[in-house]
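This report refers to the structure that appears directly beneath it.
Along the sequence shown, residues are numbered consecutively beginning with 1.
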Amino acid sequence: MIPTTGRPSLAEAVLSARAQRGVSVRVVVVCDLAEVPATVDALRGQIDEVVCTGGGRRGSYARNLGVAHAAPGSHVAFLDDDDAWLPTKLAVQLPVLERLAADGWQPIVSSRILQRKAGAEPLPTATPTELIGADARPEDYLFRRRRLGVGRQSLATSTLLTTRALAIACPWDETLPRHQDWDWLVRAARLPGTRIAQVPEATTVYTVGSPGSISAGADWRTSWQWASRWEGVWAPETFADFVAAQTLRYALQARDWAGARELVRAIRRNSPPSAPNATIAALGLVPRSTLERLAMRRSRAASRPAARPAGGAR
């Protein structure tokens, strides 16, 4: 299921879904527009169904509409229109999903990713470094003691595979302009019998900083509105770490000092943030584009083989 506003990158996403090996795939594209754009029309031969939202309904509505068009009893895999699947994505994840379902779980299966900047080749090192534990809450895994750099914990939307039954039981929150994927994971994990698994292979090429990406902005108020609904529900350490590394960082990026003080008060109500998350908060004083360039450069350097000493043995 691919929501789109007609970006040119949609072609790569659709073709990557169609190119899955050993798995029968039905590709549904949901256009968050009043009419089907030319970029979707050009792919009609590769798409099984095209649906329009009417325009301006955002990603959660589009995903829910796509799920409604999936066949009863089927599995649902989400794919953003600026990402791409590797050819073995579903073949790697399906056995895990079916094994969990056979054991009575409501499964969600994620994976590692290969990250790239828009228009660039993906980095060779699969991330995240650490996978989610079998009994871990998604918010604890994602937000507590968050790693610095591209290796940080993630359950990217375009890696997610689940059953249609679970996607119907836990629809995406259509009121949210931000953190839609995190919200869905947090709520789905609270349904009885849900189990999140993460395969160690990279299955998806994930694009960082696409033009128009909501996640690239420093809108701390929207982030805080979402986080505040979980105060008192999440563990205090997890809540404080999220507010520090995500929301306070946004407020510092926006140079909104009154907002930053409000968020510091919220952190003090709960728990001191961990050292990694306090560091990430402080990095809000550095432009996001600078941090992304440094993180990508560091990852490329780490993936290069060490140079052999001159005259050394081969």
Side-chain angles (χ1 to χ4, degrees), residues 1-3 13-30 46-49 60 62-80 83-114 126-128 130-142 153-172 180-206:
M1 205 294 299
I2 310 174
V14 168
L15 294 176
S16 75
R18 185 58 66 196
Q20 292 299 293
R21 296 175 187 163
V23 178
S24 176
V25 177
R26 181 170 177 266
V27 178
V28 178
V29 171
V30 182
Q46 302 292 333
I47 300 171
D48 295 293
E49 186 170 5
S60 288
R63 293 186 183 98
N64 288 337
L65 186 58
V67 168
H69 281 257
S74 64
H75 304 320
V76 175
F78 299 104
L79 176 58
D80 288 347
D83 297 334
W85 287 345
L86 299 176
T88 58
K89 195 264 187 192
L90 295 178
V92 166
Q93 290 183 307
L94 271 172
V96 178
L97 180 140
E98 290 172 348
R99 183 172 64 251
L100 289 171
D103 289 341
W105 295 102
Q106 295 198 85
I108 301 170
V109 183
S110 181
S111 72
R112 286 192 164 107
I113 57 176
L114 299 178
T127 62
E130 175 189 354
L131 302 179
I132 191 170
D135 298 316
R137 291 280 195 188
E139 65 269 20
D140 295 334
Y141 166 72
L142 289 167
Q153 303 93 308
S154 73
L155 297 163
T157 303
S158 294
T159 69
L160 299 179
L161 172 69
T162 189
T163 62
R164 181 180 184 271
L166 179 54
I168 291 289
C170 184
W172 293 63
Q180 299 163 352
D181 50 350
W182 290 342
D183 177 81
W184 184 79
L185 286 163
V186 168
R187 288 186 296 107
R190 281 169 163 72
L191 294 180
T194 299
R195 172 62 63 90
I196 300 175
Q198 197 169 19
V199 300
E201 296 89 343
T203 71
T204 301
V205 179
Y206 174 79

Just wondering, do Trp182 and Glu139 contact through their side chains at under 4.5 Å, heavy atoms? no

Do you know the tightest heavy-atom contact between Thr204 and Ser158? OG1-O, 3.3 Å

List the atom pairs, with distances to 0.1 Å, where a side-chain N or O of residues 17-26 and a protein N or O form a donor-acceptor pair under 3.5 Å, not counting sequence neighbours.
| residue | atom | partner | partner atom | Å |
| --- | --- | --- | --- | --- |
| Arg18 | NE | Gln46 | O | 3.1 |
| Arg18 | NH1 | Val25 | O | 3.2 |
| Arg18 | NH2 | Gln46 | O | 2.7 |
| Arg18 | NH2 | Asp48 | OD2 | 2.7 |
| Gln20 | OE1 | Lys89 | N | 3.2 |
| Gln20 | OE1 | Leu90 | N | 2.9 |
| Gln20 | NE2 | Ser16 | O | 3.0 |
| Gln20 | NE2 | Leu86 | O | 2.9 |
| Arg26 | NH1 | His69 | O | 3.0 |
| Arg26 | NH2 | Glu49 | OE1 | 2.4 |

Thr163 vs Pro107 side-chain heavy atoms within contact, under 4.5 Å: yes

Considering non-hydrogen atoms only, spot the tightest contact between Gln93 and Ser110 and give its length. NE2-O, 3.1 Å

Taken to the nearest 0.5 Å, the spacing of Leu131 CG from Leu155 CG works out to 9.5 Å

Residues in salt bridge (Lys or Arg N to Asp or Glu O under 4.0 Å) with Arg112, at least two apart? none

Between Ala189 and Thr194, which heavy-atom pair has the shortest distance, and what is it? CA-CG2, 3.9 Å

Are any of the side-chain heavy atoms of Leu97 and Leu100 separated by less than 4.5 Å? no

CD1-CG distance between Ile132 and Leu142, expressed to the nearest 0.5 angstrom: 6.5 Å

Measure the spacing between CG of Leu185 and OG1 of Thr162 and express it to the nearest 0.5 Å. 9.5 Å

Answer with yes or no after comparing the ring centroid distance for Tyr206 and Trp85 against a 6.0 Å cut-off, counting only values under it. no

CD1-CG distance between Ile168 and Asn64, expressed to the nearest 0.5 angstrom: 8.0 Å

Measure the spacing between SG of Cys170 and CG of Asp183 and express it to the nearest 0.5 Å. 7.5 Å

Are the side chains of Leu94 and Leu161 in contact, using a 4.5 Å heavy-atom criterion? yes

In sequence, state the C-alpha distance, the side-chain angles, and the governing distance for Leu79 and Met1, and then conclude on side chain to side chain contact (heavy atoms under 4.5 Å, CB included). CA-CA 6 Å; Leu79 176 58; Met1 205 294 299; over 6 Å; no

So Thr159 and Ile113, do their side chains get closer than 4.5 Å, heavy atoms only? yes

SB check Arg63 Asp80 (cutoff 4.0 Å): yes

Is the backbone of Val186 close enough, under 3.5 Å, to the side chain of Arg137 for a donor and an acceptor to pair up by distance? no

Can you list every side-chain hydrogen bond (donor to acceptor under 3.5 Å, both in side chains) pair that touches residues 95-109, not counting sequence neighbours? none

Pairwise side-chain contact, Val14 with Val29, heavy-atom cut-off 4.5 Å (strictly under): yes

Measure the shortest side-chain to side-chain distance between Trp172 and Pro3 over non-hydrogen atoms and say whether it is less than 4.5 angstrom. no

Rounding to 0.5 Å, atoms OG1 (Thr203) and CG (Leu114) come to a distance of 9.0 Å

Looking at every non-hydrogen atom in both residues, tell me the closest pair between Gln198 and Pro128 and how far apart they are. NE2-CG, 3.8 Å

Would a 4.5 Å heavy-atom cut-off, applied to side chains only, mark Ile2 and Val30 as touching? no

